[in-house]
Amino acid sequence: MLHLSEQEIIRRQYLDEFRNLGIDPYPAAMFDVTTLASEIKDGFDIHPDQFKNIRIAGRIMSKRIMGKAAFAEIQDSSGRIQAYINRDLICPNDNKELYNTVFKKLCDIGDFVGLEGYAFRTQTGELSIHVSEFKFLSKSLHPLPIVKTDADGKIHDAFTDPEQRYRKRYVDLIVNPHVKETFIKRSRLINSMRNYFNSKGWLEVETPVLQSIHGGAAARPFKTHHNALDMQLYLRIANELYLKRLIVGGFDGVYEFGKMFRNEGMDRTHNPEFTSMEIYIAYKDYLWMMEMVEDCLQTVVNEVCGSPICSISGKEINFSKPYLRLSMYEAIEKYAGIDVAQSDESTLRNYCRNNRIEIEDNMAWGKLVDTIFSDKVESNLIQPTYIIDYPLEMTPLAKKHRSKEGLVERFELYVNGKEIANAYSELNDPIDQRNRLEEQLNLAARGDEEAMVMDEDFVHALEYGMPPTSGLGIGIDRLTMMITGQEAIQEVLFFPQMKPESKQG
RNA sequence: GAUCUGUUAGCUCAGUCGGUAGAGCAACGGCCUUUUAAGCCGUGGGUCUUGGGUUCGAGUCCCAAACAGAUCACCA
C-alpha cells in the first residue's frame with residue numbers, strides 16, 4: 001500500500017501537468033554536460049573566458065524566486081553552484097510558460113534540470129550561472145530534507161538521524177556532502193593500495209566466497225545451501241587458505257580485496273560482512289612484511305590524505321614509518337605488569353580474577369594471554385604499533401619462531417587502540433600444520449565455537465611444498481575509519497546491515 | 001544477548017500538573033527582475049512507532065513489542 005503525504009501527492013499531480021504541457025518529466029535524450037560546478041568554482045577567476053558557454057546539470061537544492069527572476073542552487077556530482085534564472089532570458093517570446101509554470105511551479109527541490117548559459121558573479125559576489133536555456137531532466141517524487149547553512153556556517157535542520165541516514169543512504173549522500181567525501185576517500189584508499197601492490201608486480205586474484213570448509217580464521221560462519229549439489233556451504237570467514245594454495249601453485253605474490261562474512265555480534269566496529277585485503281608473498285618473512293606494510297601505509301595515507309597524519313577522536317595518528325615494535329609479552333608486561341612467559345594457566349586465571357577480567361572455564365593458556373592483552377594493552381596502542389611474537393596456541397597457521405620457544409612469527413598492527421592488520425611468517429611445514437589443526441579440533445571439543453576446522457585439501461597442498469611465505473590481512477573498513485576520522489563502521493559502509501523496518505499495524 | 005536512552009507534520013524539534021497537538025523550514029495561493037538560512041501576506045498538512053492497561057479523559061502515567069543509538073558481552 002502506498003501512503004502518500006500531501007507533498008507527494010502534489011508532486012505526482014505535477015507529472016500530469018508536465019505531460020499536459022507536452023513536456024516529458026523523464027526525457028530519454030541525453031543532456032550534454034560540459035562543465036561541473038567544481039570546475040567553475042576552481043577555474044572562473046583564473047580563466048573567466050572558458051565559462052562563457054557552458055552546460056551543467058544537477059538537482060535543484062534550493063529556489064529563491066523574486067517575481068520575474070529567481071535563484072536556484074544546482075547540485076551535481078562535484079558540488080553546488082547557484083543559477084540565475086531570468087524570465088525574459090529563458091522565455092524570449094511572449095509565451096512565458098517555461099518560467100511561470102514549468103520552473104516556478106512544477107520544479108521542486110530534488111528535481112534534475114539541465115542549464116545552459118555563462119558563469120558570472122552577482123552583485124553580492126556569488127558565482128552563478130546566467131541561464132539562457134532551461135531543460136527539465138527528471139522529477140523527484142519525495143521531498144528531501146532541507147539542510148541549510150547560514151552566514152556563520154551554522155547548519156540548520158541537519159539530516160542526522162543515523163537510522164534514517166543508513167536506511168536511506170541515497171538521501172544521506174544527496175544532502176550531506178561530507179558523507180560523499182568519506183566514501184570517495186574509501187575508494188581512493190583501495191585504489192592507492194592496489195596501485196602500490198601492482199607496482200611491485202603482485203597479482204590481484206579472486207578466490208571462492210562459497211566454501212565447503214570455512215578455514216583461515218577463528219570465527220562463526222554463515223551457512224547456506226547449494227540446491228543442485230544438495231550440500232551445505234559456508235560464506236567465507238577468510239580467504240587465507242586459498243591464497244596459500246596459489247603460492248603453492250607458483251605465484252610469487254597474490255592479493256585479494258574481498259568481502260568476509262562472520263556470524264557474530266554487530267556494533268560500531270563490526271558489520272556481518274566486511275572488506276579485508278589479504279596478501280601473500282613468497283620467499284619473505286614477517287620481518288620483511290612489517291617493512292612493506294609501513295611503507296605501503298605511509299604511501300597510501302599520503303596519497304589519500306595529502307599527509308601521513310590523520311586525526312580521529314581528537315587524536316593525531318602519524319602513519320610515517322617506521323612503526324614501534326613491541327613483543328606481545330613486553331606489551332603485557334608494560335601495560336598489565338605481569339610476566340606471562342613465567343606464568344602458568346592457574347597464575348593467569350588468578351591475575352584475571354584479581355583484575356576483574358572476565359574469563360571462562362574453557363579458556364586455555366593462549367586464550368587467557370589474549371584476553372589479558374585485549375583488556376589491558378590494546379587501548380594504549382594509539383600510534384601505529386606492531387605487536388610481535390604471539391603464543392603458539394593462539395595461532396595455528398603461523399610458523400614457529402626461529403629462536404623463541406613457544407612463540408610464532410606473527411605481528412598485528414594496532415592503530416588508535418584497534419587491530420587493523422595481522423600477519424605471519426606462514427606455516428609451510430605440512431606435518432606441523434596437520435598437528436596444529438588437530439589441536440584446534442581439541443579446542444573445539446573443549447567448547448571453543450571459533451576453533452578452526454581441518455581442511456584436508458589445504459594440508460594436502462602444503463604437502464606438495466610451499467616456499468617460505470609471508471602473509472598479511474588488513475581490515476579495510478577499519479583503516480578507512482582511521483583516515484576519515486569516523487568512529488563507526490556504519491559510516492564507512494554505504495549500506496550497513498540493518499534489521500528491516502517493521503511494517504506491522 | 002544485557003542495560004540505558006530515543007521514536008510527535010516531508011525535515012529539525014517543542015509539547016508544562018493527564019484535558020482531543022505547536023514552531024521554523026518544506027508545501028499550497030498571492031506580491032516581488034542580482035537573491036542567498038531571501039523577504040512580505042494568506043492557507044493546508046498529524047494512525048503522536050505498534051499493541052494492551054489505568055482513567056470520565058493519555059502524545060503525556062503503567063506493561064509489552066518493533067526499530068535505532070550509546071554502553072557492555074562476543075569478535076576483526
Side-chain angles (χ1 to χ4, degrees), chain A residues 3-11 13-14 61-73 80 82-89 99 104-105 108-110 120-128 130 140-168 171 175 217-220 237-238 260-276 358 360 370-371 374 378 412-414 418-422 449-450 473-479 481 487-490 496 498-505:
Chain A
H3 176 75
L4 296 177
S5 70
E6 180 193 35
Q7 293 190 45
E8 290 164 332
I9 291 166
I10 290 166
R11 285 179 181 228
Q13 288 168 352
Y14 286 171
M61 296 305 287
S62 71
K63 269 167 85 182
R64 294 183 286 276
I65 292 171
M66 280 152 298
K68 298 175 187 66
F71 293 90
E73 281 175 290
R80 291 187 191 184
Q82 181 172 268
Y84 171 69
I85 297 166
N86 182 303
R87 187 192 70 179
D88 297 329
L89 284 167
Y99 181 81
K104 268 173 71 176
K105 183 173 178 216
D108 287 307
I109 289 169
F120 76 113
R121 282 194 187 277
T122 63
Q123 290 177 356
T124 53
E126 180 79 17
L127 190 57
S128 305
H130 201 271
S140 167
L141 296 179
H142 297 295
L144 284 172
I146 309 292
V147 182
K148 292 191 176 184
T149 307
D150 66 20
D152 302 327
K154 196 177 165 209
I155 295 170
H156 299 258
D157 301 333
F159 182 63
T160 54
D161 177 18
E163 179 169 2
Q164 291 303 311
R165 289 182 48 236
Y166 302 155
R167 287 190 195 283
K168 296 192 168 72
V171 175
V175 304
R220 302 207 317 248
I237 57 174
M260 304 300 152
F261 306 85
R262 298 193 182 174
N263 205 342
E264 285 158 354
M266 291 165 55
D267 59 30
R268 71 192 193 295
T269 56
H270 297 86
N271 195 63
E273 57 182 289
F274 64 100
T275 301
S276 89
E358 274 189 49
E360 285 168 32
D370 187 42
T371 304
S374 301
E378 276 188 10
E412 290 192 326
L413 175 60
Y414 281 85
K418 306 247 165 46
E419 180 204 332
I420 66 164
N422 183 16
E449 286 186 78
E450 291 157 0
I474 292 182
I476 294 297
D477 310 286
R478 289 189 174 178
L479 183 57
M481 289 164 69
E487 312 266 4
I489 198 169
Q490 287 78 13
M498 304 281 277
K499 283 196 182 184
E501 274 180 298
S502 70
K503 301 279 189 198
Q504 65 178 26

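Proteins get letters first, then strands, A, B, ... in listed order; numbering begins at 1 in each.
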Check your understanding: What is the minimum heavy-atom distance between A:Glu264 and A:Ala219, and which atoms define it?
Key -> OE2-CA, 3.3 Å
**Study point:** Donor-acceptor pair, side chain of A:Asn422 and main chain of A:Glu412, under 3.5 angstrom
**Key:** no
Review point. How long is the line joining CG of A:Asp108 and C1' of B:rC25, in whole Å?
Key: 15 Å
Check your understanding: Looking at residues at least two apart in the chain, or sitting in another chain, which of them share a side chain to side chain contact (heavy atoms under 4.5 Å, CB included) with A:Pro272?
Key -> A:Phe222, A:Met266, A:Gln497
Check your understanding: Syn versus anti for B:rU20, judged by chi lying within 90° of 0?
Key -> syn
Check your understanding: For the pair made of CD1 in A:Ile109 and C1' in B:rA38, what is the distance, rounded to whole Å?
Key -> 13 Å
**Study point:** Which atom of A:Tyr14 lies closest to which atom of A:Lys105, heavy atoms considered
**Key:** CE1-O, 3.3 Å
Study note, to complete from the structure: Nearest heavy-atom approach of A:Val171 to A:Pro145 is CG1-CD, 3.6 Å
Exercise for review: Quick one: list whatever passes salt bridge (charged side-chain N to carboxylate O under 4.0 Å, His left out) with A:Glu273, sequence neighbours left out.
Suggested key: A:Lys259
Review point. So, does the side chain of A:Glu419 form a donor-acceptor pair with the base of B:rA76 at under 3.5 Å?
Key: no
Review point. With both distances under 3.5 Å as the test, what is the Watson-Crick or G-U wobble partner of B:rU5?
Key: B:rA68
Review point. Closer to the 5' end of RNA chain B via nearest nucleotide, is it A:Gln7 or A:Lys104?
Key: A:Gln7
Revision key, fill the gap. When rounded to whole Å, the CG to P distance for the pair A:Asp152 and B:rA37 reads 9 Å
Practice item. Can you tell me the distance, in whole Å, between the CD1 atom of A:Ile237 and the P atom of B:rA76? Key: 10 Å
Practice item. Looking only at side-chain atoms of A:Lys148, point me to the closest of B:rA76, B:rC28, B:rC25. Key: B:rC25
Practice item. Could you tell me which residues satisfy salt bridge (charged side-chain N to carboxylate O under 4.0 Å, His left out) with A:Arg220, sequence neighbours excluded, listed by chain and number? Key: A:Glu449
Review point. Nearest of B:rA37, B:rU12, B:rC28 to any side-chain atom of A:Asp157?
Key: B:rU12
**Study point:** For B:rU47, the Watson-Crick or wobble counterpart (both distances under 3.5 Å)
**Key:** none
Practice item. Using Watson-Crick or G-U wobble geometry with both distances below 3.5 Å, tell me the partner of B:rG59, or none. Key: none
Nucleotide N/O to protein N/O under 3.5 Å, stretch nucleotides 68-70 of chain B:
from   : atom 1 : to       : atom 2 : distance (Å)
B:rA68 : OP1    : A:Lys499 : N      : 2.9
B:rA68 : O4'    : A:Glu163 : OE1    : 2.9

Point to revise | Ring geometry between A:His130 and A:Tyr84 (parallel below 30°, tilted from 30 to 60°, perpendicular above 60°) | key: tilted
Review point. For the residue pair A:Ile237 and A:Arg262, what are the closest heavy atoms and their distance?
Key: O-NH2, 2.7 Å
Review point. Taking atom C1' in both B:rU35 and B:rG10, what distance in whole Å separates the two?
Key: 25 Å
**Study point:** Base paired to B:rU16 (Watson-Crick or G-U; both N/O distances under 3.5 angstrom)
**Key:** none
Revision key, fill the gap. A:Arg165 CZ to B:rU12 P, in whole Å, measures 11 Å
**Study point:** P-based separation of B:rA73 from B:rU8 [nearest Å]
**Key:** 31 Å
Check your understanding: Which pair of non-hydrogen atoms, one from A:Asn271 and one from A:Phe274, has the smallest distance, and what is that distance?
Key -> O-CD2, 4.1 Å
Could you list all N or O pairs between the protein and nucleotides 33-36 of chain B that sit under 3.5 Å apart?
from   : atom 1 : to       : atom 2 : distance (Å)
B:rU33 : OP2    : A:Lys68  : N      : 3.3
B:rU33 : O2     : A:Asn86  : ND2    : 2.4
B:rU33 : O4     : A:Asp88  : OD2    : 2.4
B:rU34 : O2'    : A:Gln123 : OE1    : 2.4
B:rU34 : O2'    : A:Gln123 : NE2    : 3.3
B:rU34 : O2     : A:Gln123 : N      : 2.9
B:rU35 : O2     : A:Arg64  : NE     : 2.8
B:rU35 : O2     : A:Arg64  : NH2    : 3.3
B:rU35 : N3     : A:Gln82  : OE1    : 2.9
B:rU35 : N3     : A:Gln82  : NE2    : 2.9
B:rU35 : O4     : A:Gln82  : NE2    : 2.5
B:rU35 : O4     : A:Thr122 : OG1    : 2.8
B:rU36 : O4'    : A:Arg64  : NE     : 3.4
B:rU36 : N3     : A:Glu126 : OE1    : 3.3
B:rU36 : O4     : A:Thr124 : OG1    : 2.0

Review point. What pairs of residues pass the salt bridge (Lys or Arg N to Asp or Glu O under 4.0 Å) test when at least one of them lies in residues 149-162 of chain A, not counting sequence neighbours?
Key: none
Practice item. Once you apply the 3.5 Å cut-off to both distances, tell me the Watson-Crick or G-U wobble partner of B:rC25, or none. Key: B:rG10
Review point. Using atom P of each nucleotide, how far apart are B:rU49 and B:rC11 to the nearest Å?
Key: 13 Å
Exercise for review: In whole angstrom, give me the gap between the P atoms of B:rU60 and B:rC41.
Suggested key: 36 Å
Exercise for review: Between B:rC61 and B:rC48, how far apart are the C1' atoms? Round to whole Å, please.
Suggested key: 16 Å
Check your understanding: At under 4.0 Å between heavy atoms, what does A:Ala158 touch on the DNA or RNA strands: base, sugar-phosphate, or nothing?
Key -> sugar-phosphate
Review point. Can you tell me the Watson-Crick or wobble partner of B:rU36, both distances under 3.5 angstrom?
Key: none
Check your understanding: Using atom P of each nucleotide, how far apart are B:rA26 and B:rU12 to the nearest Å?
Key -> 15 Å
**Study point:** Atom-pair distance (CD on A:Gln164; P on B:rG10), nearest Å
**Key:** 12 Å
Exercise for review: Look at all strands and tell whether A:Ala70 reaches a base, only sugar-phosphate, or nothing, counting heavy atoms closer than 4.0 Å.
Suggested key: nothing
Check your understanding: Does A:Tyr14 put a side-chain nitrogen or oxygen below 4.0 Å from OP1 or OP2 of B:rA27?
Key -> no
Point to revise | Assigned glycosidic conformation for B:rC67 [threshold 90° from 0] | key: anti
Exercise for review: Rounded to the nearest angstrom, tell me the gap between atom CG in A:Leu144 and atom C1' in B:rA9.
Suggested key: 17 Å
Point to revise | Residue pair A:Ile155 / A:Ala158: nearest heavy atoms and the distance that separates them | key: CG2-CB, 3.8 Å
**Study point:** Whole-angstrom distance between B:rU3 and B:rU47, as gauged at atom P
**Key:** 33 Å
Revision key, fill the gap. When rounded to whole Å, the CZ to C1' distance for the pair A:Phe159 and B:rC13 reads 15 Å
Practice item. Please measure how far the P atom in B:rG59 lies from the corresponding atom in B:rA2, and state the result in whole Å. Key: 30 Å
